[in-house]
Amino acid sequence: MAVALITGASQGIGACIAERLAKDGFDVAINHFPSDSDKANAEKVAEACRSYGVKAELFAANVADYAQCEAMVKAVKEQLGSIDALVNNAGITKDGLLLRMSEEQYDAVIAVNQKSVFNMIKLVGAVMLRQKHGSIVSLASVAGLYGNPGQMNYSASKAAIVGMTKTAAKELGSRGITVNAVAPGFIKTAMTDALSDDVKNAMMKQVAMGRYGTPEEIASVVSFLCSSDASYVTGQTIEISGGLMM
Ligand code: NAP
């Protein structure tokens, strides 16, 4: 059975991707931040995944921490046997206008959103190189493609993912490993619920489809990129934004 590892999968888009990949037939490794509440949420996600008849196991790790990622990847291999798909989904925001943004706000977002992708692609890439196959999908954002006021840290981290995706695709492609990213626009989750009404209204005016996206609409594209249907797609960042920018 193929195995998918999804980071930050205790809620939101990551939870939805885990369920979708379970529905597709993957055994799923559900990463969650090491806290009791994340673990409890992740256990609910695992239950939902198991209803599709696949294995679903929890793996606690702060993905910004290389040593914790290393231990997690080893544990996934030991418990589930392989890692055939990796979804780098974990992410945070710590918004603030540039002149008010602290160094801590900047560094924290870069560590979780960007360094985690280095940690996970390096570690899981080594596993996939030995297997001679695999698919890697990372969650970028329209903020990384076009910028967004108040998100210097977040847009830097997400723009980096676009470049990291291309680099990893070039390094790993000859061994049958595809590396892609998706760039969601406004998706209805806790992350966007936290935005002010002014920001939400201003952004919604720019969305051609005039509505939020759903986590399921992100999961379906990730599912495609993890499937053999996408076997010749690599190095790409697919925007899923209802036509936010064209
Ligand atoms: P969310 O609901 O806040 O979920 C993010 C998940 O990542 C949470 O479970 C969170 O755990 C986990 N996480 C955060 N830091 C972590 C760490 N250091 N180690 C392990 N897990 C960690 O956000 P979402 O909206 O589903 O976003 C998922 C991804 O899509 C993110 O990369 C985000 O940047 C990207 N994205 C979202 C949107 C959108 O509109 N929602 C748009 C573009 C891109 P905690 O709850 O403990 O923090």
Side-chain angles (χ1 to χ4, degrees), residues 5-20 29-46 58-73 86-95 107-120 137-148 151 153-162 164-165 181-195 199-200 203-204 206-207 209 211-219 221-222 237-242 244-245:
L5 165 57
I6 306 101
T7 67
S10 59
Q11 66 174 42
I13 294 170
C16 191
I17 291 170
E19 285 187 43
R20 174 58 198 254
I30 297 170
N31 161 252
H32 64 87
F33 189 80
S35 78
D36 289 345
S37 64
D38 284 88
K39 186 177 179 189
N41 288 337
E43 189 47 57
K44 288 183 202 144
V45 178
L58 306 193
F59 296 89
N62 173 359
V63 289
D65 182 303
Y66 187 83
Q68 291 187 36
C69 290
E70 195 168 30
M72 171 169 68
V73 170
L86 165 67
V87 183
N88 290 311
N89 166 82
I92 59 170
T93 52
K94 288 192 183 291
D95 296 352
D107 289 345
V109 170
I110 296 296
V112 176
N113 296 9
Q114 179 181 335
K115 184 171 173 250
S116 68
V117 174
F118 165 75
N119 294 343
M120 293 304 297
V137 183
S138 302
L139 275 282
S141 166
V142 291
L145 302 178
Y146 309 115
N148 201 26
Q151 293 197 315
N153 48 4
Y154 186 78
S155 57
S157 71
K158 296 300 188 178
I161 287 174
V162 176
M164 294 162 91
T165 295
V182 294
F186 280 96
I187 310 304
K188 191 104 187 70
T189 66
M191 192 175 271
T192 43
D193 286 345
L195 297 171
V199 171
K200 285 183 200 167
M203 295 309 298
M204 207 42 65
Q206 297 177 49
V207 178
M209 295 187 75
R211 65 167 177 86
Y212 283 92
T214 64
E216 288 76 12
E217 289 171 316
I218 306 304
V221 180
V222 174
T237 296
I238 300 180
E239 188 172 326
I240 315 168
S241 67
L244 183 70
M245 297 273 185

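Numbering of ligands and ligand atoms starts at 1, following listing order.
- For Lys188, the NZ atom is densely surrounded, since the number of other residues' heavy atoms within 6.0 Å is greater than 12.
- Glu70 pairs by the salt bridge (charged side-chain N to carboxylate O under 4.0 Å, His left out) definition with nothing, not counting sequence neighbours.
- Not counting sequence neighbours, Lys39 has no partner by the salt bridge (charged side-chain N to carboxylate O under 4.0 Å, His left out) test.
- Heavy atoms of other residues, nucleotides or ligands lying less than 6.0 angstrom from CE of Met245 number more than 12.
- Under the salt bridge (charged side-chain N to carboxylate O under 4.0 Å, His left out) criterion, Asp36 pairs with no residue at all, not counting sequence neighbours.
- A distance limit of 4.0 angstrom between heavy atoms and ligand 1 selects the residues Gly8, Ser10, Gln11, Gly12, Ile13, Asn31, Phe33, Asp38, Ala61, Asn62, Val63, Asn89, Ala90, Gly91, Ile92, Val112, Leu139, Ala140, Ser141, Tyr154, Lys158, Pro184, Gly185, Phe186, Ile187, Thr189, Met191, Thr192.
- Side chain of Thr7 to backbone of Asn89: a donor-acceptor contact under 3.5 angstrom is found.
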